[in-house]
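Order of appearance sets the numbers: ligands from 1, and atoms from 1 within every ligand.
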Amino acid sequence: MTRILVAGAAGEVGRAVVSSLLDRAAEVRVLVHSTPVDGGERVRGDLGDPGSIARALIDCEAACFITPHHADEERLGRNFVDACEAARLRRLVYVSAYHPLSRSRVVQRLLDTLIGFVGPHYRAKLRVERRVRGTTLSPVALCPTNFYQNDELALPEILAGLYPNPMGDKAVSRVDTRDIGDAAARALLDDVEEGAYPVVGPQPWTSDQTAAAWSEALGTPVSYAGDDIERWRRSVGARMPAAKATDFAKTYRVIQRFGIPASARAIARTTALLGRPPRDFKSYVREQVERLQHARAS
Ligand SMILES: NC(=O)c1ccc[n+]([C@@H]2O[C@H](COP(=O)([O-])OP(=O)(O)OC[C@H]3O[C@@H](n4cnc5c(N)ncnc54)[C@H](OP(=O)(O)O)[C@@H]3O)[C@@H](O)[C@H]2O)c1
């Protein structure tokens, strides 16, 4: 059986990847940094310490690298890819963030330059992605849009009637992190062609529509709190690590300006990769409300 190392396993995406792999009875090893991780064989390591990555990769045939919110993201990513090359893995899967994809290397370079200009905090992700795709490790890059699960941190505000995430009024194609986990499991366990894949939900959402979806599921009014990103940052406070909040604030600025409208082709490629349509936002919201009602009742 293939042993798979998952780095970044304690994060939102990493937990979903580990869960999808374990559901498929895969042999999973997780790189544990500072946050405990449930499931899989645990090996301590630090992406800043190449020796610890090399030790974690012993006897692994494949790896999934979920790039962290980190000031030194590019160096940590390069350390991981170098170690994977030295370990001669059969497959390397990289999970970063959504961006337009082209089959042409020249066009991709131009697109990446443009994205780095619009959102400088995406540059490290794009550079690591280029490094990953330049390996001979049958690389697969997964590029997910904004997560449905970002709303879970905002549940206290949503239940009080305000949708606080400053997403603006442009269309944003969001995605369920469980679909990212399933897509990674497909790329790690099945015969998926190497390359870069978008991972997107089935339809775009504006902030007002998002608030309305929560309102409908809860049966109480929920309205959008507005576009003030600094207000959001103050309200989220210590509930989110500072580096992550900084990245989120930058991303909200980009989203408010441009939205993230996934193309029909991106939705079709996600569907083909998953082997089924991606999960829809309203079902996710209903599940969350049922979970809350169940927790209140018990
Ligand atoms: N939120 C969104 O809507 C969205 C959308 C698209 C893409 N993304 C991107 O998706 C990626 C994953 O997101 P996420 O929320 O799951 O990430 P995250 O919360 O930043 O989690 C990253 C993981 O990396 C680990 N890590 C950090 N520094 C490490 C180090 N030096 N050595 C070893 N492990 C280290 C963390 O473990 P410890 O906690 O133990 O340090 C954690 O498990 C991010 O790059 C994010 O930008 C996010």
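Counting only non-hydrogen atoms, the option in His99, Met240, His69 that gets closest to atom 17 (O) of ligand 1 is His69.
Considering backbone and side-chain atoms together, Glu73 places no N or O closer than 3.5 Å to any N or O of ligand 1.
Looking at atom 25 (C) of ligand 1, its nearest protein heavy atom turns out to be Gly8 CA, 4.0 Å. The protein heavy atom nearest to atom 41 (O) of ligand 1 is His33 ND1, 2.7 Å. The protein heavy atom nearest to atom 32 (N) of ligand 1 is Leu47 N, 2.8 Å. Ranking protein heavy atoms by distance to atom 19 (O) of ligand 1, first place goes to Lys244 NZ, 2.9 Å. Protein heavy atom at the shortest distance from atom 42 (C) of ligand 1 is Gly11 N, 3.7 Å. For atom 48 (C) of ligand 1, the closest non-hydrogen atom on the protein side is Phe147 CZ, 3.2 Å. Among all protein heavy atoms, the one lying closest to atom 44 (C) of ligand 1 is Thr67 O, 3.1 Å. Protein heavy atom closest to atom 6 (C) of ligand 1, with residue, atom name and distance, is Pro144 O, 3.3 Å.
Under 3.5 Å, the side chains of Asp169 and Thr206 contain no donor-acceptor pair of N or O atoms. Under 3.5 Å, the side chains of Gln256 and Arg253 contain no donor-acceptor pair of N or O atoms. No hydrogens or angles considered: a donor-acceptor pair under 3.5 Å links the side chains of Arg233 and Thr246. Judged by distance alone, the side chains of Thr67 and Glu73 do bring a donor and an acceptor atom under 3.5 Å apart.
Proximity of Asp82 to Arg131: side-chain heavy atoms (C-beta onward) are separated by under 4.5 Å at one or more points. Between Thr210 and Met167 the shortest side-chain heavy-atom distance does not fall below 4.5 Å. Side chains of Glu194 and Arg133 form no contact here, defined as non-hydrogen atoms less than 4.5 Å apart.
Ring-plane geometry between Phe248 and His69 is classed as tilted, the angle between the planes lying from 30 to 60 degrees on a 0 to 90 degree scale.
Proximity of Thr145 to ligand 1, defined as any heavy-atom pair under 4.0 Å, is confined to the backbone N, CA, C and O atoms. The proximity of Ser96 to ligand 1, defined as any non-hydrogen pair under 4.0 Å, is limited to the backbone. Contacts between Ile66 and ligand 1 below 4.0 angstrom, taking non-hydrogen atoms only, involve the side chain exclusively.
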**OP:** Report the C-alpha distance between Arg24 and Asp190 in whole Å, list the side-chain angles of each, state the deciding distance to 0.1 Å, and finish with yes or no for side-chain contact (heavy atoms from CB on, under 4.5 Å).
**Re:** CA-CA 11 Å; Arg24 292 194 52 186; Asp190 300 334; 2.7 Å; yes
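Here the rule is ring-ring contact (aromatic ring centres under 6.0 Å, His included) with Trp205, and of Phe281, Tyr163, Tyr148 only Phe281 fits it.
Residue contact annotation: Gln149 has no non-hydrogen atom under 4.0 Å from ligand 1. Within the 4.0 Å heavy-atom cutoff, Asp247 does not count among the residues contacting ligand 1.
Of all atoms in ligand 1, numbered sequentially from 1 with element shown, those under 4.0 Å from a heavy atom of Ala10 are 43 (O). Within the listing of ligand 1, atoms 38 (P), 39 (O), 40 (O) sit less than 4.0 angstrom from a heavy atom of Thr35. Using a 4.0 Å cut-off to heavy atoms of His70, the atoms of ligand 1 that qualify are 28 (N). Within the listing of ligand 1, atoms 1 (N), 2 (C), 3 (O) sit less than 4.0 angstrom from a heavy atom of Asn150. Near Asp46, the atoms of ligand 1 lying under 4.0 angstrom from a non-hydrogen atom of the residue are 30 (C), 31 (N), 32 (N). The contact set between ligand 1 and Phe248, taken as ligand atoms under 4.0 Å from a residue heavy atom, comprises 1 (N). Close contacts of ligand 1 with Ser34, meaning ligand atoms under 4.0 Å from a residue heavy atom, involve 38 (P), 39 (O), 40 (O), 41 (O).
Taking a distance limit of 4.0 Å, we find that atom 36 (C) of ligand 1 is approached by no protein heavy atom.
Between the Thr145 side chain and the Ser173 main chain, a donor and an acceptor come within less than 3.5 Å of each other. A donor-acceptor pair under 3.5 Å links the side-chain atoms of Ser52 to the main chain of Asp46, judged by distance alone. In this structure, Arg44 contributes its side chain and His33 its backbone to a donor-acceptor pair below 3.5 Å.
Partners of Arg109 under the side chain to side chain contact (heavy atoms under 4.5 Å, CB included) rule, at least two apart in sequence or in another chain, are Arg130.
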